[in-house]
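Because the structure is predicted, anything quoted here is derived from the model rather than measured.
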Amino acid sequence: MTKYIVLAVFILILNFVHSFFLPSGGVYVDSLSYFGIASDLPKPETDLFPLGYPIALRGFYELFKDYFWAYKFLNTSMILVIFLFSYIRKFYFKETILLFTGKTFLFVFFMAISESLFIFLFYFLIYFLYQILVRKTLRYKDCIFASLILFGMFTVRYSGIYIYLSLLIFTAIFFFKNWDKQKLFGLITIVIISGLGITGYLLFNITEFGSLTGENLRGKPAEMLPVYVLRDLLGTANSINPYIGLKPASNSFLSLTFQCFILLIDIFVLIHFLKFFKKAKETNAYSFHMFLWVTAVCYACCLIASGWFQQIEEMNTRMMAAANVCIFFSFLILYFKTKNSDKRIFRIACFFLAFITIYSLKNPTNYLDNKNQIESQMPKFANRKFLINNEREGAEIYTTYHIPIINKTFRYNHTNNQKGNLKQDLAGSINPKIKWLKYDTVKDKSQVLYTSELILK
C-alpha cells in the first residue's frame, strides 16, 4: 500500500507543476470559451457550453483572481478529493491510483478543459452505482446521489446525455436479465430523477438562449471525407488503450500508417481486456462491470455519430475520456481480483506515467515567463471586445524529429506551439472579457485585439 500512497503524492505534485512547462500553461481555445462564460456570470451570454464547469472556475477565480490559478487549484483539488475518498472509503484505492497513470486522467487534469470536472463527477457516479449494484441491500440515498451526479455531469458537458442513455440501456438489460428487482427499482429511480433534471436544464436553455445545447452556434459539420471518417474511427478505437494515445494531426501516408499500427495494439489490448471481463461472471460484481462496458460502448458510438452530424472536435483521448475510464477501471478491478502479484501492472503503469509525461513535455517552455510578457501588455487593450489570431498563415513553426532506427527525419507543425495561437491563449486567459473569435467578421476593427499587436519573445 505504501508504494501506492507514494505514487499518489507524486501524481498530485506532477499534475500541479506539469503545466508550468507548457507554452500556454494548459490553456487552449476551448478554455478561453469556458473562461469567457465564467467571467460573464451571473449573466451568461451563450449556451455553447453548459454552465457547470464555468461556475466551478468562477468559484476558484473569486479566491485567486486569475483564471490560470483558478483552473490549476480546481484540478488539483479534484484529484486530492478522489484520492482521499478512495482511500478513506476503501473503494479500489490501488486501482484508482493506477487510473491516474493512464493517458485519460493525466490528459484531462493537465489542462483547463471541462473533461476534468466531468470525469471527476463520473468517478463518483461509478462509486454510487457500484454501491447500488453490488451491495446486498439497496440504500435509496445512493440512488439520490447518483441521480444528482448524473444531472451534474450533463451541466458540465452536454455529452453527459450519452451517459444517461447508457444507463437507460443498461437498465433495460437489467430488466430483461430478470436480475434483482430492488436494484432495478433503484436504477429506474436514477433514470427518472436525473432525466427530470436534464429536461429542466434543456428548458432553461430554450428559455434563456433559444436553443437546447447551443446547436445554432456550432456551425455545419466538416465535409465527410473518407480520411476524416477513418481518423474518427481510429480515434474511437483508441479509447480502448489505457496508455498509448498518440494521434498526429497530419493526414500523410506515414501518419495514417502509424495510426493503423496503433490500431493493432488497440485490438490486442481489447482482446486482453475481454478475457478479464469474462472472469467478471465469477464475481458478485458482474452487473457492475456490465454497466461499465455498456457505458463505454454506448458513449463511444453516440459521440462518434454526433461528430458526423455537428461541428465538434475529432475523436481523440479527450473526446473518448469517459469510455476509456470505464474499460480501464473494469480491467484494473478484475486484474487485482485474479492476479496474486501487482508487480507487473505497477511497473507498466509507472513506465507509461513517465513516458506520457516526457512526451507531453518534449519541448518544455517557461509558461510563467510567457504569461508575464503578455500580461504587461494587456492594460493598453482593455477597451477591446474581441480577440482574433491573425497570424495563422505564413509564420508556421515546425519541430524536426529524428527517428534513429530508420535514420529518417520529419517536420511537424504543432498547433499549440504557433506564436499566434499561443498569444491568443495567453491573452484570452488573462482577460476573458475579450472574447475569442475564429473568424474576423467584426466590422469595427477598433474593437478587435489582433495577436499581431502582441509581442512574445
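Nearest heavy-atom pair across P23 and T365 is CG-OG1, 3.9 Å.
In this structure the side chain of Y164 reaches within 4.5 angstrom of the side chain of V191, judged on heavy atoms. F118 has its side chain out of reach of I113: every pair of non-hydrogen atoms, C-beta onward, lies at least 4.5 Å apart. Looking only at side-chain heavy atoms (C-beta outward), K94 and M1 come within less than 4.5 Å of each other. Inter-residue side-chain proximity for P432 and L32 is flagged as unmet; no heavy-atom pair is nearer than 4.5 Å. At a threshold of 4.5 Å between non-hydrogen side-chain atoms, the residues S116 and L74 do not count as touching. In this structure, Y87 and F83 have side chains that are not in contact, with every pair of non-hydrogen atoms separated by 4.5 Å or more. Counting only heavy atoms from C-beta outward, the side chains of I262 and L234 never approach each other to under 4.5 Å. You'll find the side chain of N324 stays beyond 4.5 Å of the side chain of N238, heavy atoms only.
Residues Y53 and F49 place their aromatic rings such that the two centres sit no closer than 6.0 Å. Taking the six-membered ring for Trp, Y299 and F122 have ring centres at least 6.0 Å apart. Ring centroid separation for the pair F20 and W69 comes in under the 6.0 Å cut-off. Within the 6.0 Å centre-distance limit, the rings of F16 and F73 are counted as a close aromatic pair. Aromatic ring centres of Y243 and F328: separated by under 6.0 Å. Taking the six-membered ring where the residue is Trp, the centroids of F277 and F273 are separated by 6.0 Å or more. No close placement of the Y67 and Y34 rings is indicated, their centers lying 6.0 Å or farther apart.
A salt bridge does not link D142 with K183: every distance from a Lys NZ or Arg NE/NH1/NH2 to an Asp or Glu carboxylate oxygen is 4.0 Å or more. Electrostatic pairing of D180 and K136 does not count as a salt bridge here, judged by no charged N lying under 4.0 Å from a carboxylate O. K371 and D425 are not joined by a salt bridge, as no carboxylate oxygen comes within less than 4.0 angstrom of a charged side-chain nitrogen.
Heavy-atom contacts from other residues, nucleotides or ligands closer than 6.0 Å to CZ of F145 number 12 or fewer. Other residues, nucleotides and ligands place no more than 12 heavy atoms under 6.0 Å from the CZ atom of F268.
Between F85 and the choices F91, F93, Y127, the ring-ring contact (aromatic ring centres under 6.0 Å, His included) rule is met once, by Y127.
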Y71 vs Y61, side chain to side chain donor-acceptor pair (under 3.5 Å): CA-CA, chis, key distance, verdict
CA-CA 8 Å; Y71 108 76; Y61 173 80; over 6 Å; no
Verdict with supporting geometry, D47 and S211, side chain to side chain donor-acceptor pair (under 3.5 Å):
CA-CA 8 Å; D47 62 342; S211 64; 2.7 Å; yes
Just do the side chain to side chain contact (heavy atoms under 4.5 Å, CB included) check on D342 and K3 with the steps written out, would you?
CA-CA 11 Å; D342 65 346; K3 65 183 180 183; 3.3 Å; yes
So S360 and H18, side chain to side chain donor-acceptor pair (under 3.5 Å) or not? Walk me through it.
CA-CA 9 Å; S360 63; H18 179 275; 2.8 Å; yes
Which is it for N15 and F100 under the side chain to side chain contact (heavy atoms under 4.5 Å, CB included) test, yes or no, and what are the steps along the way?
CA-CA 10 Å; N15 176 270; F100 276 86; over 6 Å; no
Before giving the answer on side chain to side chain donor-acceptor pair (under 3.5 Å), spell out for N205 and E208 the whole-Å C-alpha distance, their side-chain angles and the decisive distance to 0.1 Å.
CA-CA 5 Å; N205 275 357; E208 293 294 320; over 6 Å; no
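Ring geometry for Y201 against F204 counts as tilted: the plane angle lies between 30° and 60°, on a 0 to 90° scale.
A side-chain N or O of S330 and one of W293 form a donor-acceptor pair less than 3.5 Å apart.
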